[in-house]
Amino acid sequence: MNKKQWISSILAAAVLSSPIIMPTKGSAAASFIDIDGSYAKKAIVELFDQGIVTGVGESKFYPTSNITRQDFAIILAKTLKLDVSNPPALPTFLDVPTSNYAYSYVEAAVKAGLIKGTGSNLFGTGQNLSRQDMVVMFVRALGVNPTGKAGTLQFADSSQIADYSKDFIAAAVEYGLITGYNNFFNPDTKVDRQAVALVASKFLKFKENGNTEQPASTPTAQPSKEPVTVPTPVVGGSSSSQSEHSSNSDTNAPVVESTKFEAIDNYNGTQDQLRGLAGAIGEQGAAVQAYLWTDANENNEVDADELGTAIALGTSAADGSVSAANIGDLTAGTYTFVITAKDSSNNESAKKAAHAVTVTLSKNDVPDTTAPVVDATKFEAIDNYNGTQDQLRGLAGAIGEQGAAVQAYLWTDANENNEVDADELGTAIALGTSASDGSVSAANIGDLNAGTYRFVITAKDSSNNESAKKAAHAVTVTLSKNEVPDTSAPVVDAAKFEAIDNYNGTQDQLRGLAGAIGEQGAAVQAYLWTDANENGEVDADELGTAIALGTSAADGSVSAANIGDLNAGTYRFVITAKDSSNNESTKNAAHAVTIELVNGVLTTPTVTSSIYGFDGDGGSKTKQLITGSTQSRIRFDFFSGESFTNAEIQVTLEGMIFTTNDYYTISGWTHPTSDQISNNGHTLTFTGSNIGVSDIAFELHNKVMPAPGTYLIKFKADADGPGTARSYSEEQVITLIILPPA
């Protein structure tokens, strides 16, 4: 669904979940600009003046917005003037904690015996209230005994009324609190604010009369001022009044409530649609049509020559709804449609402005309905010592989308079914937002005791799509909390660094031999040092820009890294190393290495590959895949015009990484080893066959496709074979195009 379509629905939901602001007391009718067309306007004004109901903002009541169970409890408690000043210390319901804005009202209603909950110690917070549940609670509040009254029910849908509520509904009809609509009660329909206000007003009048009114022995269902209502639609127009007539022959056209029609705003190239929500049409089985209306003379009256061709929307359902139907692939703009309905007796509603709905289409965005991918295996804990917060962080590829809001929930699998139940999760811990490479910076998760913990990771993108809270998104971490923090920088033995002196036009390199760095995994850098004052001490203004040499191996060695295409001469570099605890060695003369470069010139012609591509088809240089999909195998080949004999070959991936589960072949298929993979997994380096080959193939296995975009696979080779002099072939690429889901 297009995110722009639901803005109005979100606002309608906010009516009952946000703090309510009272309009200025004394003139509710003037304050509420949206109740003039409401059948319950008088009741709303009365209840407002008594402080029982309020509005939203400074001017609106939102009469057609649904009401939740907890907001109804507030109205019920205020109507009965229940004492809410001394609620219990412990909540009755698990989903109405003491911090809930309705807590004191719900508990007061429980104490008065008006509210029972939905079972399992739950009240049903956030659920919209049904008509039958509203009636049950009002009749309980009357203090009358409804037992045995169910036999008087005469609604056409009485069989659909829940057994627990039949006596109460019959009593409510008997005492004039409700009537119904077209002889239907619609027990499961969700009530709106105006319906609650009307019944509350009738309730108060009944109570004021001291319960002395004697009801008729057999109540007769009357035309109702309580139409079945649904949430406020996304877009709406003028409304028509709802009424009923009793007659032996049907001469009345179906009621049309155009405010309950809304548009589905699809993106360009796709038909837009109109649909009617429950209560849009007052009669089942009516043929519903829409006419595009251009009010040419701007008199707000529908003239025959102002209407377009009829668009059939289908027939109305039992609840008055109308399924979505195509209205054309419209351009962005505002449109007005007149809605008509014709019943089986050929009675058709009028084509008039009161039956018109105005819709605005943006047509700008392809809807984003896909939640970010979460790879929980790429999350890890930072196990800090006691007295210091532990942390969680995500490595590259942890989240499949940049800018997603990432959260962690402590999960206790209480029933040990390995499924995440809502009551098993702790409070959300914000971890921050995902970076362009899918990583998530370390964030505090608490100063936890030593032990094993499970966290469920979620990610929500800017379109509000959130990944599921499930076991597949859980990471298990074990904390020891025993280690004293590491405050020592890695040892640097600059004497064990040496230069690789390449020819002019090619970068020279520095590498560290075994024992060069005293700690594995340290980030190693080199700074060109010019001892300007010749005092043999390293001053800050004497150092060039840091050159990253990579990370130290288990034996303390550091792989060769480029330091620039330097001229022949003598150079001094200060070497530093920083460990994972952020301890960095000092920049001093003891950590400096002096190198001498000769820089000879070597020219060896190489032949550029002209045929290369995917799946061995000898030419396809692009491949299209769907983001988030898992590909069991992606094969790509290089066919070169020259043979690579003992060549050093490098393949670099964008967007994905090599693993030891992948394959490559020169003279036979084999897995790469971990020491052949570098550049955080993105680069595979290996030596060609000693028999000379020109066809080299690769297979990537079980890769999850990254975010939509264009990604390159780069290839180059040193055709001269191993040695300090390099003569690489021109770098060539093939292209992966990652598409969004259809």
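- The shortest side-chain heavy-atom distance between Asp192 and Pro63 does not fall under the 4.5 Å cut-off.
- With hydrogens and angles left out, the side-chain atoms of Asp71 and Tyr101 include a donor and acceptor closer than 3.5 Å.
- Ring geometry, Phe123 versus Phe93: the interplanar angle falls from 30° to 60°, so the pair is classed tilted.
- How far OG1 of Thr92 is from CD1 of Ile115: 10.0 Å, rounded to the nearest 0.5 Å.
- Looking only at side-chain heavy atoms (C-beta outward), Glu46 and Leu204 stay at 4.5 Å or farther from each other.
- Taking NZ of Lys190 as the start and CD1 of Ile67 as the end, the distance is 13.0 Å to the nearest 0.5 Å.
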* Asked: Should Phe261 and Val288 be marked as a side chain to side chain contact (heavy atoms under 4.5 Å, CB included) after you check the CA-CA gap, both sets of side-chain angles, and the distance that decides it?
  -> CA-CA 11 Å; Phe261 280 82; Val288 184; 4.1 Å; yes
* Residues Gln160, Asp188; criterion side chain to side chain contact (heavy atoms under 4.5 Å, CB included); working and verdict -> CA-CA 9 Å; Gln160 299 176 24; Asp188 293 320; 5.8 Å; no
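- Taking the six-membered ring for Trp and thresholds of 30 and 60 degrees, Phe32 and Phe48 have ring planes more than 60 degrees apart, a perpendicular arrangement.
- Annotation: cation-pi geometry not satisfied between Arg193 and Tyr62 (NZ/CZ under 6.0 angstrom from ring centroid, within 45° of ring axis).
- Between the Gln70 side chain and the Val106 main chain, no donor and acceptor come within less than 3.5 Å of each other.
- The backbone N or O of Ala150 lies less than 3.5 Å from a partner atom in the side chain of Asp167, making a donor-acceptor pair.
- A donor-acceptor distance shorter than 3.5 angstrom exists from the side chain of Thr125 to the backbone of Asp95, with no hydrogens or angles considered.
- Distance check, rounded to the nearest 0.5 Å: CG of Leu739 to OG1 of Thr627 gives 9.0 Å.
- One side chain, Gln273 or Asn326, offers a donor N or O that lies under 3.5 Å from an acceptor on the other.
- When all heavy atoms are compared, the tightest approach of Leu274 to Ala290 is CD1-CB, 4.0 Å.
- In this structure, Thr79 OG1 and Leu114 CG are separated by 10.5 Å, a value rounded to the nearest 0.5 Å.
- In terms of heavy-atom proximity, Val322 sits nearest to Leu313 at CG1-O, 3.5 Å.
- A donor-acceptor pair is defined here as one N or O able to donate and one able to accept, closer than 3.5 Å; such a pair exists between the side chain of Asp343 and the backbone of Ser345.
- Put simply, the side chain of Ser349 gets close to the backbone of Ala341: a donor and an acceptor are under 3.5 Å apart.
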* To do: List the steps, then state whether side chain to side chain contact (heavy atoms under 4.5 Å, CB included) holds for Phe155 with Asn183.
  => CA-CA 5 Å; Phe155 292 120; Asn183 200 33; 4.2 Å; yes
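- In terms of modelled atom types and a separation under 3.5 Å, the side chain of Ser201 and the main chain of Leu198 share no donor-acceptor contact.
- The side-chain heavy atoms of Lys166 and Ser158, taken from C-beta on, include no pair separated by under 4.5 Å.
- Side chain of Asp272 to backbone of Leu330: a donor-acceptor contact under 3.5 angstrom is found.
- In terms of heavy atoms, Leu47 sits closest to Ala197 at CD1-O, 3.3 Å.
- Closest non-hydrogen pair, Ala278 versus Lys260, comes out as O-CD, 3.6 Å.
- Side-chain atoms of Asp157 come within 3.5 Å of backbone atoms of Phe185 as a donor-acceptor pair (strictly under, hydrogens ignored).
- Remark: the Glu283 side chain and the Ser316 side chain contain no N/O donor-acceptor pair separated by less than 3.5 Å.
- Between Asp265 and Ser362, some side-chain heavy-atom pair lies under the 4.5 Å cut-off.
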* Glu306 and Asn297: CA distance, side-chain angles, deciding distance, side chain to side chain contact (heavy atoms under 4.5 Å, CB included) verdict -> CA-CA 9 Å; Glu306 293 177 338; Asn297 54 16; 3.1 Å; yes
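- No donor-acceptor pair under 3.5 Å is formed between the side chain of Gln289 and the backbone N or O of Thr340.
- Across all non-hydrogen atoms, the minimal contact from Thr336 to Leu292 is O-CD1, 3.5 Å.
- Summarising the geometry, atom CD1 belonging to Ile169 is positioned 11.0 Å from atom OG1 belonging to Thr152; distances are rounded to the nearest 0.5 Å.
- In this structure, Arg275 contributes its side chain and Ala324 its backbone to no donor-acceptor pair below 3.5 Å.
- In terms of heavy-atom proximity, Gln194 sits nearest to Ser38 at OE1-OG, 2.5 Å.
- Note that NE2 of His355 and CD of Glu257 are 8.5 Å apart. Values are rounded to the nearest 0.5 Å.
- The aromatic ring centroids of Phe138 and Phe72 lie less than 6.0 Å from each other.
- Within the 4.5 Å cutoff, no side-chain heavy atoms of Asp423 are placed close to those of Leu94.
- Taking 4.5 Å as the limit, some side-chain heavy atom of Ile311 sits within range of a side-chain heavy atom of Phe337.
- Side-chain polar atoms of Thr189 and Asp319 form no donor-acceptor pair below 3.5 angstrom.
- A donor and an acceptor atom, one from each side chain of Tyr164 and Asp133, are located under 3.5 Å apart.
- Side-chain contact between Val359 and Glu262 is absent, with no heavy-atom pair separated by less than 4.5 Å.
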